[in-house]
Amino acid sequence: MPPGMPVNLLSISRFLTENREAIFFSALFLSVLGGIFVAWSDVVKKIFVFGFIVSIVFPNQDIHFFVDVNFRGVASGRGLYFTLADLFLISLALGILLASGRRRPRLWFRGAGPYLAYIGLAAISLTSMLSYAPVGFVNPAYAYGIFELANIVKGFLVFWVMVNFIQSGREIRMMLVAFMLIIVVETLAALHQQYVLHSYHRTRGTVGHSNSLAMFLGMLMPVILVLMLGQKRGGVLPWVLAALFIAGITVMIKTVSRAGLISMAISCIIAGAALVLSVRRLHAVRIAALILVMGAGGIFVAYKYWDRIMARFTTHSKEAEASTASRIALLKIGWEIAQKNLAIGNGINSFPIEIMLEDRYRHHRAEQHNLYLLTLCEVGILGLLAFLAAIGRVFQMAWRLYRQNLSPPLKILSIGLACGMLHVCIESAFEFVFRAVFISYMFWTFAGMIVACTYLLEAQARQLQRTRLAFARRMSGMRQGAAARRPREVAAGGTGY
């Protein structure tokens with residue numbers, strides 16, 4: 001950063017605001033110290049990963065450096081954005097590196113190449129941004145690009161940490177339990193807003209915005225669905241998962257997010273179809289009962305909120321009509337801005353600035369509600385292709401897990417995780433909130449789990465191959481021993497049989 005740039009820190013909590021410097025630097029020191037404990041103990045590592053997931057659910061307590069509170073765009077792009085999740089992330093990354101003596105980390109992993117290319121192209125795009133502060137902005141234009149670039153780098157760090165964390169089924173089960181608890185927390189938050197705070201508007205959950213909650217929660221729904229339908233054991237777990245699925249659908253409907261509801265329907269249908277087509281041994285009676293229960297619950301919820309849903313999906317609501325018209329206008333503006341520099345873009349996080357620089361655009365919102373067009377505007381065709389390649393590489397590995405028959409649990413898990421990521425990809429055609437760090441962190445957590453599962457599958461294949469080879473050697477030794485005994489038996493007057 002250039003000298004003299006104003007340093008501001010922002011926090012929603014008054015306590016954090018008044019004690020921001022001491023809290024932040026103390027927490028940063030403890031985070032680095034925590035990395036030593038993570039390296040020392042796998043139990044501590046799991047606790048920190050669980051803390052990371054929990055802190056994603058509550059993203060509103062944060063601290064910014066070099067913040068511009070008037071910046072219009074994704075909130076995490078208005079400054080250097082630090083949350084409690086980032087502190088856990090630092091501890092985990094340091095712990096994995098320091099533990100290299102006990103377990104060698106994967107410094108390079110599948111999917112890293114396209115993501116690093118995306119980071120590099122995003123950095124190159126900064127050369128297209130202004131070196132001074134435009135009118136109405138606190139910081140130089142390129143500073144906002146650095147802010148968003150830092151979030152992209154942190155997303156890569158999440159990806160890398162999760163690839164190295166998942167080493168067995170124990171870690172996977174821990175992550176799934178954390179995902180189930182997220183649905184519980186968001187359900188309780190929705191109930192609190194409606195029945196305690198008496199807020200009957202679109203539910204925001206713990207994340208502060210209805211559309212963000214829809215994308216965040218929509219990632220988890222396909223995972224819960226396939227776990228519920230693919231559960232071979234009886235008992236209470238399938239019914240717990242069914243209850244969580246109904247609760248998740250209820251909260252999704254209460255967000256009244258048009259893109260979120262459509263994306264959830266598509267991703268869950270694909271997940272269910274993929275599960276039925278690939279997993280042969282499903283408990284038909286239990287699945288039928290679960291579907292009836294979910295159907296009854298879904299019909300009740302849809303009936304209760306039908307008027308509110310239809311108001312959003314039709315032109316009966318002025319808010320919905322204005323939102324639709326604004327998004328259509330922004331698509332046209334986005335394409336015009338993208339054509340200024342199709343190769344490397346106008347700079348990462350530059351869209352709000354481009355809107356303000358043109359007088360004819362200023363009366364429009366500075367938020368492009370299409371992630372792919374937004375990426376094209378800011379990092380050009382090359383950056384967009386690298387971004388899509390990073391996601392496509394993960395889907396390629398999910399397809400590999402889906403096609404194998406060695407480990408049915410990994411197949412079922414890959415269906416849920418891939419369809420959860422698909423939900424984000426579909427909804428991102430109508431939203432920009434993927435740029436919010438708690439969304440991108442969860443997205444790359446899913447990606448890291450898929451990549452780690454491919455390594456687990458390879459380890460299982462090697463173990464099976466070693467077992468078969470040992471068995472073959474044992475059988476060969478037994479045959480050779482039997483052949484060596486036959487001549488001695490004949491020489492002693494035996495029959496040889």
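This structure is a prediction, so every number in the text was calculated from the model and none was measured.
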Legend entry - Verdict with reasoning, Val67 to Phe147, per side-chain contact (heavy atoms from CB on, under 4.5 Å): CA-CA 9 Å; Val67 65; Phe147 300 156; over 6 Å; no
Inset, instruction - Identify the heavy atoms of Ala418 and Phe395 that sit nearest to each other, and give their distance. - result: O-CE2, 3.3 Å
Inset, instruction - Considering non-hydrogen atoms only, spot the tightest contact between Leu401 and Leu457 and give its length. - result: CD2-CD2, 3.9 Å
Is it true that the side chains of [X] and [Y] contain a donor and an acceptor less than 3.5 Å apart?
X: Arg110; Y: Thr454; result: yes
X: Gln193; Y: Lys254; result: no
X: Tyr455; Y: Asn164; result: no
X: Ser257; Y: Ser210; result: no
X: Ser407; Y: Gln404; result: no

Within the 4.5 Å heavy-atom criterion, are [X] and [Y] side-chain neighbours or not?
X: Ile90; Y: Leu28; answer: yes
X: Val223; Y: Phe245; answer: no
X: Val256; Y: Thr203; answer: no
X: Val57; Y: Glu186; answer: yes
X: Leu456; Y: Gln167; answer: no
X: Leu97; Y: Leu107; answer: yes
X: Val394; Y: Met421; answer: yes
X: Phe88; Y: Thr83; answer: no

Test your reading of the model: is there a side-chain donor-acceptor pair from [X] to the backbone of [Y], 3.5 Å cut-off?
X: Thr255; Y: Met252; answer: yes
X: Ser350; Y: Gly347; answer: yes
X: Thr375; Y: Leu371; answer: yes
X: Gln368; Y: Leu330; answer: yes
X: Ser125; Y: Val379; answer: no
X: Asn151; Y: Ala436; answer: no

Answer yes if the ring centres of [X] and [Y] are under 6.0 angstrom apart, and no otherwise.
X: Phe446; Y: Phe443; value: no
X: Phe48; Y: Phe37; value: no
X: Phe71; Y: Tyr144; value: yes
X: Phe430; Y: His369; value: no

Legend entry - Axial cation check for Phe82 ring with Lys154, 6.0 Å and 45° limits: yes
Find the distance between [atom1] ([X]) and [atom2] ([Y]) and round it off to the nearest 0.5 Å.
X: Tyr402; Y: Leu277; atom1: OH; atom2: CG; result: 5.0 Å
X: Thr206; Y: Ile56; atom1: OG1; atom2: CD1; result: 11.0 Å
X: Leu229; Y: Ile412; atom1: CG; atom2: CD1; result: 9.5 Å
X: Ile262; Y: Ile426; atom1: CD1; atom2: CD1; result: 10.0 Å
X: Leu410; Y: Ile415; atom1: CG; atom2: CD1; result: 11.5 Å
X: Met175; Y: Arg173; atom1: CE; atom2: CZ; result: 14.0 Å

Inset, instruction - Please step through salt bridge (charged side-chain N to carboxylate O under 4.0 Å, His left out) for the pair Glu458 and Arg400, ending with a clear verdict. - result: CA-CA 11 Å; Glu458 290 179 355; Arg400 177 184 172 187; 3.0 Å; yes
Legend entry - Among Arg202, Glu427, Arg204, Arg258, the one residue meeting side chain to side chain donor-acceptor pair (under 3.5 Å) with Asn211: Arg202
Inset, instruction - Applying ring-ring contact (aromatic ring centres under 6.0 Å, His included) between Phe216 and each of Phe179, Phe434, Phe438, Tyr441, report the one that passes. - result: Phe438
Legend entry - Ionic contact status for Glu378 with Arg435, cut-off 4.0 Å: yes
Legend entry - Sidechain N-carboxylate O distance under 4.0 Å for Glu148, Arg78: no
Inset, instruction - Dump the intermediate steps for side-chain contact (heavy atoms from CB on, under 4.5 Å) on Met162 and Val49, then the final yes or no. - result: CA-CA 9 Å; Met162 289 302 163; Val49 169; 4.1 Å; yes
Legend entry - Single hit among Trp160, Phe156, Phe387, Phe109 for side chain to side chain contact (heavy atoms under 4.5 Å, CB included) with Tyr115: Phe156
Inset, instruction - Could you give me the CA-CA distance, side-chain angles and deciding distance for Thr187 and Thr250, then say whether side-chain contact (heavy atoms from CB on, under 4.5 Å) is met? - result: CA-CA 8 Å; Thr187 302; Thr250 304; over 6 Å; no
Legend entry - side chain to side chain contact (heavy atoms under 4.5 Å, CB included) partners for Val177, two or more places apart: Leu181
